[in-house]
Structure formats: C-alpha cells, structure tokens
Undergrad: 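My questions all concern the structure below.
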Amino acid sequence: MLKRTHKMNEINDSTVEKTVIINGWVDRIRNLGGIMFMWIRDRYGLVQVIFDPNESVYEQSKCISAEYVVAIKGTVRKRPQDARNPKLASGNVEILVKELEVLSEAKTPPIYTNRQEGNEEARLKYRYLDLRHPSLQQNLIFRHELTQQTRKYLSSLDFLEIETPYLTKSTPEGARDFLVPSRLKKGNFYALPQSPQIFKQLLMISGFDRYYQIVRCFRDENLRADRQPEFTQIDLEMSFVEQADVQNVINGLIKELYENLMNLDVGEIQSMSYSEAMERYGSDKPDTRFSMELHDLTQKVSELDMKFLSPSENEALKFVVVPAGNGFSRKTLDSYVESAKLENLRLGWVKMSNGDFSGGVSKIFKNTNMLKLKDGEIALVCAGKSSKVNEFLGKIRTNLSKELDLIPKNSVKILWIVDFPMFEWNDDENRYQAQHHPFTMPYVEDLEKYPNNLDRIRAHAYDLVINGWELGSGSVRIHRKSLQEKVFKLIGLSETEARERFGFFLEAFEYGAPPHAGFAIGIDRLVAIMRGAQSLRDVIAFPKTTSGTDLMANAPSKISEEQLKELGIRLEVDK
RNA sequence: GGGGACGUGGUGCAGUCUGGUUAGCAUGCCGGUCUGUCACACCGGUGGUCGCGAGUUCGAGCCUCGUCGUCCCCGCCA
C-alpha cells in the first residue's frame with residue numbers, strides 16, 4: 001500500500017513542490033467535467049487533491065465516491081492566486097494526483113459525515129460514522145489533552161494514579177447500583193461503583209497520602225442531558241490536609257486547564273457559602289454570569305400593607321426582577337402563579353411600564369421604592385416557607401436566563417460553594433440523613449452549639465460550580481471513631497446497622513487513619529462546558545440515550561437461557 | 001414513576017389544527033453537460049405500506065386510544 005508520508009495538517013506552503021503520499025477518507029467530490037477536485041479528510045484536517053485529465057491516473061478517479069478510503073501520491077503545488085480557500089488550513093495548496101490506490105470502498109453513508117445534522121437516533125446507531133464529524137473529533141481530542149494535562153499536573157504534585165475495582169460491593173444509600181451476577185458464587189452479585197469513595201479513603205489509611213484516578217463511575221438513575229449512567233471523574237484524595245489544601249489543588253488544576261487548553265485566565269476562584277447561595281440565587285449551583293438576584297423584603301413587611309403576600313412567622317417574602325418583562329404574556333405570569341400554588345407558595349407580580357405600576361399586587365408597592373423597578377421590568381414577589389421561596393425563585397431565575405438570553409456568551413464564572421448542611425430531612429424514611437455522605441466531617445462547633453437542631457449543622461463539604469453546573473464535590477472525611485459514631489447516631493443508625501453496612505470500612509479506621517479529604521470532578525461535564533457542548537453525548541465517544549440504551553451495540557439486551565442457567569438466574573419478566 | 005415535544009423517501013423538513021384525486025420541498029443517490037471548483041453549477045431521473053397496532057369514518061399522514069423509540073423537564077441522582 002501507499003503508506004502516508006504526511007498527515008493533512010502537514011500539507012501547506014512548506015510542502016510545496018514535494019511529492020507526498022496521503023491516506024484518508026474522500027470527503028467531497030467536485031467533478032467539473034474535465035478537471036476534478038476532491039477533499040481528502042483525516043483527523044488532522046482536509047486537503048484538496050486535483051485530478052488532471054492529462055494525467056494517466058485520471059480515468060481511475062471516476063470510480064471513487066464519498067467516504068472511500070484512499071491513498072494518494074502526488075505533488076503539492078500552490079493554488080492559483082484566485083483559487084485559494086482561506087477556510088481551509090491547507091487552502092493555499094493542493095495535491096496534483098499522480099497515483100491513486102483505493103484502500104477501501106464505502107457504501108453511501110446513512111447519515112451525513114461532513115455536516116452537523118441528522119436525527120440523534122440515526123446518528124447514535126451509526127456512531128462510528130457520526131464520529132467522523134470534525135467537531136466530535138475535536139471534542140474527543142480536546143478531552144484527551146485535558147486528561148493528559150490533568151495527569152501531568154497531579155503527578156507533579158506527588159499524586160499517585162492507583163486503580164480501584166469495578167467489580168465491588170453494593171453500597172446502601174445513594175444511587176441505585178448496577179449489579180453484576182457472580183457465576184462462581186451463584187445468587188450473589190457484584191455492584192459497579194458509584195464512585196471509588198471507599199477505596200480511596202482506604203488508600204489513605206494504607207499510607208498513599210496523595211491518590212488520584214481518572215475513573216468510570218456507574219449510577220443506575222434516570223438520565224438527563226447532563227447525566228449519563230456511566231461517567232468519568234477525576235477522583236482524588238489527600239492525607240494530612242484541610243479543606244483549603246484540597247481546594248488549592250483543584251484551583252491550580254482548573255486554572256492550568258483553562259490557561260493551557262483555552263488560553264483563558266479564570267482569575268481567583270471565589271467562595272460562597274451554601275446559605276448565601278440559596279439566599280441570593282436560590283440554588284446550590286448558582287450561575288453567576290448574570291445577576292437577577294433574589295431580594296429579601298421579609299424585614300420590611302411591617303412597612304407594607306398586604307394580606308395575601310404577608311408572610312407568617314418563619315416565612316419569607318422575596319422577589320426577583322425580570323428584565324425585558326414587556327415580552328411577558330399574562331398567560332406566562334399566571335402559569336407562574338399557578339405553579340407557586342402547587343409548592344404552597346403565594347406569588348404576585350408587579351409590572352412597570354411607562355412609569356405606571358400594574359399587576360395584581362401593584363397596590364402594595366405603588367408608594368414604595370422597594371422593588372426599584374425600571375421601565376419594562378417585572379417583579380415576581382413570592383411569600384412562603386423560606387427555603388421553598390428561595391428554590392422557587394431560583395428555578396425561575398435559571399429558566400428565564402435561558403429564555404430571555406441573559407447569559408453573556410463566552411464568559412466563565414467559577415466558584416466554590418462551601419459549608420453545605422451536614423444533614424437533610426428524608427421525608428420518605430422520616431429521618432435525617434447525611435446530605436453528602438455519612439463520612440463527611442461536620443463542623444464540630446455546630447454540633448456543640450446546636451445539639452438539637454440538625455438543620456443548622458454545617459459540613460466540611462464543598463462543590464465546584466462552573467456556569468451553573470455542578471462540576472464536582474468533595475469533603476473533609478471523619479477520621480476519628482468517636483465522631484463517626486456520633487454522626488451515625490444522629491442519622492439514626494445503630495452500631496450494629498453501621499457494622500452491617502460499612503463493616504470493613506469502619507474496621508479500617510481502627511488501625512490508624514490519617515486526617516484526609518478529597519474531591520472529584522466530573523470530566524464529561526468539564527469538557528462539555530469548556531467545549532460549549534449542549535449535551536454530554538457530544539464529549540463521549542459512545543454515549544447512551546436517555547433511557548440508558550446503546551443504540552449502536554443494542555445494549556442492554558436479552559441473554560441466552562444457557563447464560564442465565566450458568567448464573568443461576570431465572571427471569572420473572574417476559575422473555 | 002410523572003409531564004411535554006417529536007417520529008413522513010437514505011438524510012433534514014413541510015403537510016396534521018380544518019380528514020378527500022397522484023403526499024410536497026431540500027439534500028443525498030443515479031445519469032447527462034461542464035477544465036479552477038471549494039456545501040461547484042445546470043439539466044434529467046430514482047427513491048415513501050407517513051414508527052407500530054387498534055378504532056372512528058364512505059374515506060385517515062391528518063381524528064381517538066394504545067404501544068415502541070428519540071429528545072427535554074420534574075421526581076430521582078448521598
């Protein structure tokens with residue numbers, strides 16, 4: 001075969017006059033009757049080749065069609081001045097073909113391989129063809145560079161890359177596990193890890209004081225555009241450190257990735273407490289690229305004359321100002337009022353147009369300047385249980401930011417959300433549970449101050465948020481037995497139960513556990529944000545659909561009776 | 001588990017609200033003309049049991065019910 005001497009990005013002004021061989025796919029053919037042009041594509045780029053009727057190879061060119069794999073030998077030459085293509089990196093030059101070898105013929109592809117369109121179903125079924133799109137290739141190339149940089153950075157800081165098992169034990173609490181039946185121990189199952197959490201903490205106990213892994217995690221939960229059943233994390237854990245040390249490592253990593261891969265200085269990464277985030281943005285992953293913050297009127301209620309909106313004790317009165325409210329229909333506003341009702345909230349709105357207030361609750365605010373409305377703006381005023389009010393207005397804020405296009409393009413806002421609550425109430429099970437996980441270090445001073453008010457106890461747990469996406473989370477871990485026991489007790493877990501659930505893990509802590517803390521970054525999300533991808537599917541080579549299927553491989557699928565028998569499994573569902 | 005949108009030649013879409021002769025457009029593909037194109041252009045042609053099933057009707061791409069699939073959202077994802 002004619003083996004390539006150059007890749008497509010190496011064909012340019014500097015190769016003029018040279019005889020070269022290229023290998024690649026036929027991207028497009030332009031047959032002008034006599035002279036014939038083709039674009040040849042590889043992962044490095046596109047190059048135009050030209051078949052001249054005066055060359056003996058010309059006749060052979062006629063049997064070529066799109067997506068054939070070809071080897072072409074020819075001489076690189078400058079294009080005529082008026083026939084250059086500035087859109088192509090190699091647009092100044094072209095290859096005059098002297099020899100052609102068809103390495104592989106191709107059927108007409110069922111999807112476009114050189115255009116970014118097509119329905120997702122067909123594109124996923126023929127994923128290997130869809131991956132010929134340069135944009136998808138660039139995403140995966142970028143992802144490769146990001147993982148390489150990450151390895152280099154962490155390795156330079158003495159982090160060791162250590163693998164942990166995929167076939168492991170089912171963990172109670174948390175997401176549903178993906179299960180794998182055991183043949184050797186019939187009736188028993190492995191679980192695929194939701195994260196290497198337990199193993200990385202055990203590595204700390206073993207003395208590997210800095211661990212990292214770029215590792216697959218599995219969660220059998222319902223999917224979204226930003227959620228795949230298997231996803232990849234940059235997972236790390238450190239010993240003899242405090243929260244700030246972990247944050248510094250992550251700050252350095254994020255800074256370096258943005259600098260080296262995006263040529264962007266992200267500046268100093270700010271911190272915001274969970275409670276501040278909820279009060280100001282109504283979200284634990286606020287998008288701070290635009291303001292539209294929540295404003296609190298609870299303290300000013302006495303100055304206002306109202307009934308419907310008046311908050312009772314332990315309730316709050318807050319509002320957001322919607323810019324460009326003129327585009328708002330009465331119907332939309334009514335739908336907000338309705339959905340507020342479903343959350344046991346009261347919502348009113350005030351519109352300012354041509355200097356006049358209008359709207360159901362405008363009377364209340366007419367003679368105040370509390371809302372500070374500008375012309376054309378609408379205030380949505382919400383009363384009810386404080387946390388509900390925050391959440392509700394926060395959701396409206398997020399939704400409207402997309403609808404009204406409030407988010408500045410190309411801006412990047414990164415921040416830490418810190419001091420998450422340690423516990424949250426679980427309505428279904430009628431008990432408190434750990435919000436992060438039960439091995440998270442609570443603020444000991446909070447435990448002492450509010451022994452009977454678990455809602456007020458903060459944890460050394462921290463999330464990294466970029467542009468309103470939760471990119472990762474971590475925590476300082478409990479390393480003392482007595483504190484761990486106390487936390488178990490607070491979430492209503494007896495010692496026996498704790499032993500049953502986390503047995504070997506708790507035992508390990510009795511043999512000298514160092515203080516340690518860690519973090520994990522969702523790499524799929526990070527790449528998606530950095531590449532401006534709409535969906536995680538665009539940064540994963542072989543992704544799954546929202547129902548968890550792989551349309552190309554046709555997985556999951558039925559298995560044979562024989563396989564089932566070998567595993568000792570009988571199916572209850574229809575075969 | 002719940003809600004919404006979508007499913008029509010190989011591909012992307014229109015047609016569905018308001019049922020009625022031969023389902024339209026673009027692109028691809030095939031053939032033809034064309035020696036500087038670059039999403040080449042022009043001319044001609046090919047290609048659809050309208051996701052599947054049932055129902056209403058004289059008649060269903062269109063209305064009704066069910067079902068399957070894709071996408072988006074809520075619950076869920078410690």
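No experiment lies behind these values; they were computed from the predicted model shown. First the proteins, then the strands, lettered A, B, ... as listed; each starts at 1.
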Undergrad: Take the protein atom CD1 of A:Ile111 and the nucleotide atom P of B:rC13, then report the distance between them rounded to whole Å.
TA: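 Between P of B:rC13 and CD1 of A:Ile111: 14 Å.
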
Undergrad: With a 4.0 Å cut-off on heavy atoms, is A:Pro110 in touch with a base, just the backbone sugar-phosphate, or nothing at all?
TA: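 The answer is sugar-phosphate, as A:Pro110 gets under 4.0 Å only of primed atoms, P, OP1 or OP2.
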
Undergrad: B:rA39 and B:rU27: how far apart are their P atoms, nearest whole angstrom?
TA: 14 Å

Undergrad: Mind listing the N/O atom pairs, protein and nucleotides 40-48 of chain B, below 3.5 Å?
TA:
unit_1, atom_1, unit_2, atom_2, d
B:rC40, OP1, A:Arg28, NH1, 3.3
B:rC40, OP2, A:Arg30, NH1, 2.3
B:rC40, N4, A:Asn31, O, 2.5

Undergrad: Using whole Å, report how far CD1 of A:Ile95 lies from C1' of B:rC38.
TA: 15 Å

Undergrad: Less than 4.0 angstrom between a side-chain N/O of A:Lys125 and OP1 or OP2 of B:rG69, yes or no?
TA: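 No, A:Lys125 has no side-chain N/O under 4.0 Å of OP1/OP2 on B:rG69.
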
Undergrad: What integer number of Å spans the C1' atoms of B:rG2 and B:rU21?
TA: 45 Å

Undergrad: For the C1' atoms, the ones on B:rU46 and on B:rG28, what distance do you get once it is rounded to whole angstrom?
TA: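 11 Å, rounded to whole Å.
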
Undergrad: Starting from the 5' end of RNA chain B, give me the residue, A:Pro53 or A:Pro109, whose nearest nucleotide shows up first.
TA: A:Pro109

Undergrad: In whole angstrom, give the distance that lies between atom CG of A:Leu46 and atom P of B:rC38.
TA: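 Between P of B:rC38 and CG of A:Leu46: 15 Å.
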
Undergrad: Expressed in whole Å, how much space separates the C1' atoms belonging to B:rG7 and B:rG48?
TA: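 14 Å, rounded to whole Å.
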
Undergrad: If you define the side chain from C-beta out and look only at heavy atoms, does anything of A:Val418 sit under 4.5 Å from A:Gln243?
TA: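 Yes, side chains in contact.
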
Undergrad: A:Leu88 near the nucleic acid: base, sugar-phosphate alone, or nothing, with a heavy-atom cut-off under 4.0 Å?
TA: nothing

Undergrad: For B:rG20, which nucleotide is its Watson-Crick or G-U wobble mate, given both distances must be under 3.5 Å?
TA: B:rC58

Undergrad: Scan A:His516, A:Glu237, A:His460 and name whichever one has a side chain to side chain donor-acceptor pair (under 3.5 Å) with A:Arg477.
TA: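 Looking at A:His516, A:Glu237, A:His460, the match for A:Arg477 under the side chain to side chain donor-acceptor pair (under 3.5 Å) is A:Glu237.
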
Undergrad: Please state the C1' separation for the pair B:rC76 and B:rA26 - nearest whole angstrom.
TA: 42 Å

Undergrad: With rounding to whole Å, what would you report as the distance between B:rG47 and B:rG4 at their P atoms?
TA: 40 Å

Undergrad: For B:rG10, what is the paired nucleotide under Watson-Crick or G-U wobble rules, both distances under 3.5 Å?
TA: B:rU27

Undergrad: Are any of the side-chain heavy atoms of A:Ile417 and A:Lys285 separated by less than 4.5 Å?
TA: no

Undergrad: Nearest-Å distance, CD (A:Glu338) to P (B:rG3)?
TA: 19 Å

Undergrad: For B:rU70, give the paired nucleotide (Watson-Crick: N1-N3 plus N6-O4 or O6-N4; G-U: N1-O2 and O6-N3; both under 3.5 Å), or none.
TA: B:rA5

Undergrad: Under 6.0 Å between ring centres, would you say that holds for A:Tyr166 and A:Tyr190?
TA: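 Centroid distance A:Tyr166-A:Tyr190: not below 6.0 Å, so no.
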
Undergrad: So which nucleotide does B:rG53 pair with, by the Watson-Crick or G-U wobble rule with both distances under 3.5 Å?
TA: B:rC65

Undergrad: Tell me whether A:Lys200 forms a cation-pi arrangement with A:Tyr211, defined as NZ or CZ under 6.0 Å from the six-membered ring centre and within 45 degrees of its axis.
TA: no

Undergrad: Rounded to whole angstrom units, what separation is found between the NE2 atom of A:His133 and the C1' atom of B:rG12?
TA: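 In whole Å, B:rG12 C1' and A:His133 NE2 are 12 Å from each other.
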
Undergrad: How do A:Asn85 and A:His436 order along RNA chain B: which one's closest nucleotide is nearer the 5' end?
TA: A:Asn85

Undergrad: If a protein heavy atom is under 4.0 Å from the base, mark B; if only from the sugar-phosphate, S; if neither, -; do that for nucleotides 70-77 of chain B going 5' to 3'.
TA: SBSSBBBB

Undergrad: Is A:Arg458 positioned over the aromatic face of A:Tyr443, cation under 6.0 angstrom from the ring centre and no more than 45 degrees off axis?
TA: yes

Undergrad: Between atom CD1 of A:Ile50 and atom CE of A:Met36, what is the distance when rounded to the nearest 0.5 Å?
TA: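 CE of A:Met36 is found 10.5 Å from CD1 of A:Ile50.
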
Undergrad: Quick one: is the NZ or CZ of A:Arg501 closer than 6.0 Å to the six-membered ring centre of A:Phe488, and within 45° of its axis?
TA: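 Checked: cation-pi criterion not met.
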
Undergrad: Using the C1' atom as the point on both nucleotides, what is the distance between B:rG61 and B:rG24, in whole Å?
TA: 13 Å

Undergrad: Which nucleotide, in any strand shown, forms a Watson-Crick or G-U wobble pair with B:rC34, with both distances under 3.5 Å?
TA: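 Check on B:rC34: unpaired, no WC or wobble geometry under 3.5 Å.
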
Undergrad: Mind checking if A:Glu94 touches a base, just sugar-phosphate, or nothing, with heavy atoms under 4.0 Å?
TA: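 Contact class for A:Glu94: base.
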
Undergrad: Grab the OH-P distance between A:Tyr58 and B:rG36 for me, whole Å please.
TA: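 Between P of B:rG36 and OH of A:Tyr58: 12 Å.
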
Undergrad: With rounding to whole Å, what would you report as the distance between B:rC58 and B:rG53 at their C1' atoms?
TA: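 The answer is 23 Å between these two C1' atoms.
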
Undergrad: Holding to side chain to side chain contact (heavy atoms under 4.5 Å, CB included), I want the full list of residues that pass it with A:Pro53, two or more places apart in sequence or in another chain.
TA: A:Tyr58

Undergrad: Specify the separation, in whole Å, of atom CZ of A:Arg123 and atom C1' of B:rG12.
TA: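 The distance from CZ of A:Arg123 to C1' of B:rG12 comes to 12 Å, rounded to the nearest Å.
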
Undergrad: Do the charged groups of A:Glu507 and A:Arg499 touch, with an N to O distance under 4.0 Å?
TA: no

Undergrad: Drop me the distance from A:Ile22's CD1 to A:Ile72's CD1, to the nearest 0.5 angstrom.
TA: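 Rounded to the nearest 0.5 Å, the CD1-CD1 separation comes out at 5.0 Å.
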
Undergrad: Given atom CE of A:Met36 and atom P of B:rC38, what is their separation to the nearest angstrom?
TA: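 Rounding to the nearest Å, CE of A:Met36 and P of B:rC38 are 16 Å apart.
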
